[in-house]
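A short write-up of the structure that comes next.
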Amino acid sequence: MNLILTVLEIVSPVFLLAAIGFIWVKTGNEYRIEFVTKLTMTLSVPALIFTALTNAQIDPAALTKLSIATIACYGIATVVMYVAVKLLKLEMRTFLNPLIFGNVGNLGLPLAYFAFGNEGLSYAVIVFAVMAIWSFTFGVYITAGGGSVWTAVKEPLVGATVLGTAFLWQGWTLPKFAMNTLELLGQVAIPIMLITLGVAVARLAPSRLGRAMALSIFKALICTAIAVLLGRGFGLTSTPYAVLILQITTPVAVTSYLLAEKYGADANEVAGLVVASTVLSVFYLPLLLAFVV
């Protein structure tokens, strides 16, 4: 009973805030998702990443080990999903990206924070940064038929991760007024990302939900297996191990839909994957939390 209550305490704020965004749009209220997304990804999320790393009371060596494990997870996931898409004769530009990348930002960061506090958030931003770099390079290349490393380098969250890691490694900090400002800005990120997730799901026009649900189950099982095996293989301690599993197994990201829409892939198919996997995550994420908590 205590375990059930603990899991509910962790996941309830995540899905309730997303539900607020969903209901907000469905009741006819305006929500400028492009503006909000640009604001959070340019200012609030980088501030959250930098302050989480700078204030982290964890061993930098543990972050290094988690970084290597995360790179390995996404590398193996890329190979497995590429083979699966080929065997199932699905369109590579439409399906590969969403099957690899989860909603590590909007859903994964808040989940890690609610489950494991500031320590969990510090580990989670490392997984998020690795995913973002791979997504903005390889992910864009697959969906658009071309891409550039410069696309990832220009992202503020990448610079925030590099700076935050350097500050953590050297034990540096900023003047109190600067840290207070960045911490206040970073606190905006988690509730806004969850509300925006709900808004995005409410506005999607999904298609072929049966196939989308089957692929979502496949993605959840494969990503869970990869994260569990590699987390143990790299000898991660309890908190980074749990964070790795939760982050790698998050449902399909809304950004996959936005990329499909932007570069001419089948956006409705990707919308189906986003909706199906997000609904599915309501059931499997609590089970994973019960496993890792």
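Nothing here was measured: the structure is a model prediction, and the numbers come from that model.
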Is it possible for you to say whether [X] and [Y] belong to one hydrophobic cluster, with membership spreading through side-chain heavy-atom contacts below 4.5 Å?
X: L163; Y: M41; value: no
X: F128; Y: L182; value: no
X: L121; Y: F50; value: no
X: V79; Y: F138; value: no
X: I245; Y: I68; value: yes

A side-chain contact here means heavy atoms from C-beta on lying under 4.5 Å apart; do [X] and [Y] qualify?
X: L273; Y: S216; value: yes
X: E269; Y: L90; value: no
X: V11; Y: V282; value: no
X: V254; Y: N106; value: no
X: R232; Y: V228; value: yes
X: V199; Y: F22; value: no
X: L259; Y: N97; value: yes
X: F116; Y: L246; value: yes

Sorted by chain and number, sequence neighbours left out, salt bridge (charged side-chain N to carboxylate O under 4.0 Å, His left out) with E34 holds for none

Hey, what do you get for [atom1] ([X]) to [atom2] ([Y]), rounding to the nearest 0.5 Å?
X: L280; Y: L215; atom1: CG; atom2: CG; answer: 11.5 Å
X: L53; Y: T165; atom1: CG; atom2: OG1; answer: 5.0 Å
X: I126; Y: L63; atom1: CD1; atom2: CG; answer: 5.0 Å
X: I190; Y: I195; atom1: CD1; atom2: CD1; answer: 12.0 Å
X: Y82; Y: I142; atom1: OH; atom2: CD1; answer: 7.5 Å
X: T70; Y: L230; atom1: OG1; atom2: CG; answer: 9.5 Å

Practice prompt. Could you go through the side chain to side chain contact (heavy atoms under 4.5 Å, CB included) check for N103 and V274 one step at a time?
Written response: CA-CA 9 Å; N103 206 340; V274 173; over 6 Å; no

Partners of [X] by side-chain contact (heavy atoms from CB on, under 4.5 Å), sequence neighbours excluded?
X: I192; answer: Y31, V36, T40, V188, T196
X: L209; answer: P206
X: A69; answer: F234, L236, L244

Residue set satisfying side chain to side chain donor-acceptor pair (under 3.5 Å) with Y257, at least two apart, ordered chain then number -> E261

So ring-ring contact (aromatic ring centres under 6.0 Å, His included) across residues 169-191, not counting sequence neighbours, yields F167-W172

Is [X] reaching over with its side chain to a backbone N or O of [Y], donor-acceptor style, under 3.5 angstrom?
X: T137; Y: W134; value: yes
X: T143; Y: V140; value: no
X: S281; Y: T278; value: yes

